[in-house]
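Side chains included, hydrogens not; waters and symmetry mates left out as well; all remaining heavy atoms used. Chain naming here is simple, since letters A, B, ... match the order of the sequence lines and numbering starts at 1 in each.
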Protein chains: 2
Amino acid sequence: MSLPHAILTALLEKPSSGLELARRFDKSIGYFWSATHQQIYRELGKLEQAGLIRALPSDAPTRGQKKEYEVLPAGRAELTAWTARAEDPKPIRDPLLLRMRAAGVVGVQGLEAELRRHLALHRQQLATYTEIEERDFPPERDTEEDRLRHLVLGGGIELETFWTTWLAKALAQVEEMTAGEGGAPAA
Amino acid sequence: MSLPHAILTALLEKPSSGLELARRFDKSIGYFWSATHQQIYRELGKLEQAGLIRALPSDAPTRGQKKEYEVLPAGRAELTAWTARAEDPKPIRDPLLLRMRAAGVVGVQGLEAELRRHLALHRQQLATYTEIEERDFPPERDTEEDRLRHLVLGGGIELETFWTTWLAKALAQVEEMTAGEGGAPAA
DNA sequence: TGCTTCATGTAATCTGTTACATGATTCA
DNA sequence: TGAATCATGTAACAGATTACATGAAGCA
């Protein structure tokens with residue numbers, strides 16, 4: 001139930017069309033809530049139906065034509081309420097951790113390459129975030145919005161830092177295993 | 001595409017019925033891949049259809065009767081292949097980070113309580129993992145499977161550690177904001 | 001005119017969630 | 001017998017993914 005709120009937030013920051021939103025979901029907002037353009041169009045339809053947003057009146061509202069949306073008061077109210085609503089964190093659900101566990105049962109062949117690849121991807125993501133931090137958040141930030149955005153970005157940076165250090169450690173151990181024996185589980 | 005592999009892994013560790021699997025998904029495997037019993041039953045049906053697992057022949061295979069499954073060679077092969085398959089990490093998708101961002105736009109009222117609640121939940125989860133580590137992983141572990149399982153658990157511990165420290169920091173800043181002003185965004 | 005890009009959308013499918021139905025077993 | 005629990009399952013829906021369809025605008 002977070003996609004509609006992600007869209008409301010993005011639209012409050014700046015009224016946009018569906019495709020513009022999709023592009024912003026590839027950056028900025030998308031760094032912690034991803035969505036495809038199909039999801040976005042569908043959700044825009046629902047939000048409009050529900051009276052939380054409306055299309056800006058324009059000359060040509062047909063297919064293939066740009067269609068911009070803005071948030072209505074009801075939409076802002078819903079977003080405000082959601083900010084304070086009790087919602088439990090979801091349990092961890094990570095395919096890579098699961099694969100490590102599976103490797104314990106069927107052997108570690110091929111796992112090393114995957115760990116290496118993931119490590120590279122996370123390092124890259126970490127570099128991207130760090131760049132953004134240096135560019136957008138100079139030491140003297142003052143507005144509340146800036147501080148919250150910086151906190152969120154900091155969360156992303158620390159998460160990627162966790163993954164790079166954990167993957168490096170895991171890789172070292174798996175390398176040892178692969179070197180040591182044929183790859184069959186030792187149990 | 002991870003649920004079938006989670007089930008294969010669990011069944012290789014120990015042939016089980018649907019409900020037994022569901023229970024194990026509330027512990028152990030479920031610490032990094034959760035699933036409800038409905039998902040599990042549906043998936044067991046598919047896996048059996050596909051010839052990756054089979055029901056252990058028993059006297060009474062009716063409704064309400066326990067039905068145990070074991071992994072067939074094709075299932076083990078599929079799991080082995082999956083372990084080495086290239087699969088990119090999914091982008092971060094976290095509702096709490098999103099809510100912080102939304103709070104930057106509509107104000108931080110009510111957010112503090114949620115942060116506090118999440119902090120408590122993550123601390124509890126961290127304590128649970130740490131207990132398991134102390135109980136199940138004494139210093140002299142030797143089999144490959146043990147080492148991999150310990151790595152996975154370590155990942156969970158470090159993830160929860162990240163959340164507790166990040167949430168504590170976020171909470172401190174949001175407290176400051178709530179104390180300072182009425183809660184309206186400062187932009 | 002035809003190619004490319006921008007933009008909106010439909011359809012099908014898969015995954016996950018919630019609520020409920022039903023049979024078997026145990027034990028008071 | 002009747003209540004509680006164990007166990008398997010159905011149904012309906014919500015959310016996410018993938019592939020494809022279609023129209024508009026710019027430009028060579």
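- Hydrophobic clustering (side-chain heavy atoms under 4.5 Å, transitive across Ile, Leu, Val, Met, Phe, Trp, Tyr) keeps A:L72 apart from A:L8.
- Between A:Y31 and A:Y129, the ring planes lie perpendicular to each other; the angle is over 60°, past the 30° to 60° tilted range.
- Listed pair A:K67 / C:dG9 meets the phosphate criterion, a side-chain N or O lying under 4.0 Å from OP1 or OP2.
- Close to D:dA25, at under 4.0 Å from its OP1 or OP2, lies no side-chain N or O of A:K66.
- Using bins of under 30°, 30° to 60° and over 60° for the plane-to-plane angle, the ring pair A:W166/A:W163 lands in the perpendicular bin.
- The nearest whole Å value for the distance from the CD atom in B:E43 to the P atom in C:dT17 is 13 Å.
- Taking atom CD of B:E48 as the reference point, atom C1' of D:dG9 lies 14 Å away to the nearest angstrom.
- Interatomic distance, OG1 of A:T83 versus CE of B:M100, reported as 10.5 Å (0.5 Å rounding).
- Using a cutoff of 4.0 Å between basic side-chain nitrogens and carboxylate oxygens, B:E20 and B:R24 are not scored as salt-bridged.
- Aromatic ring orientation, B:H37 versus B:Y41: perpendicular (interplanar angle above 60°, classes split at 30° and 60°).
- Near DNA chain C, meaning a heavy atom under 4.0 Å away, there are no residues from residues 1-8 of chain A.
- The environment of CD in B:E70 is crowded: more than 12 heavy-atom neighbours from other residues, nucleotides or ligands sit within 6.0 Å.
- Atom CD of A:Q49 and atom P of D:dA14 are 14 Å apart (whole Å).
- For a distance-only test at 3.5 Å, the side chain of A:R42 qualifies as a donor-acceptor partner of the base of D:dA16.
- For A:R117 against A:E114, the heavy-atom pair with the smallest separation is NE-OE1, 2.6 Å.
- Here the P atom of nucleotide D:dA14 and the NZ atom of A:K46 are 7 Å apart, to the nearest Å.
- Listed by residue number, the members of residues 20-41 of chain A with any heavy atom below 4.0 angstrom from DNA chain C are A:R23, A:H37, A:Q38, A:Y41.
- For the atom pair OG (B:S34) and CG (B:D26), the distance works out to 9.0 Å, reported to the nearest 0.5 Å.
- Atoms CG and CD, on B:L44 and B:E48 in that order, are 8.5 Å from each other to the nearest 0.5 Å.
- Non-hydrogen atoms lying under 4.0 Å from DNA chain C are contributed by nothing in residues 86-100 of chain B.
- Residue B:E87 qualifies as enclosed at atom CD: its count of foreign heavy atoms under 6.0 Å is above 12.
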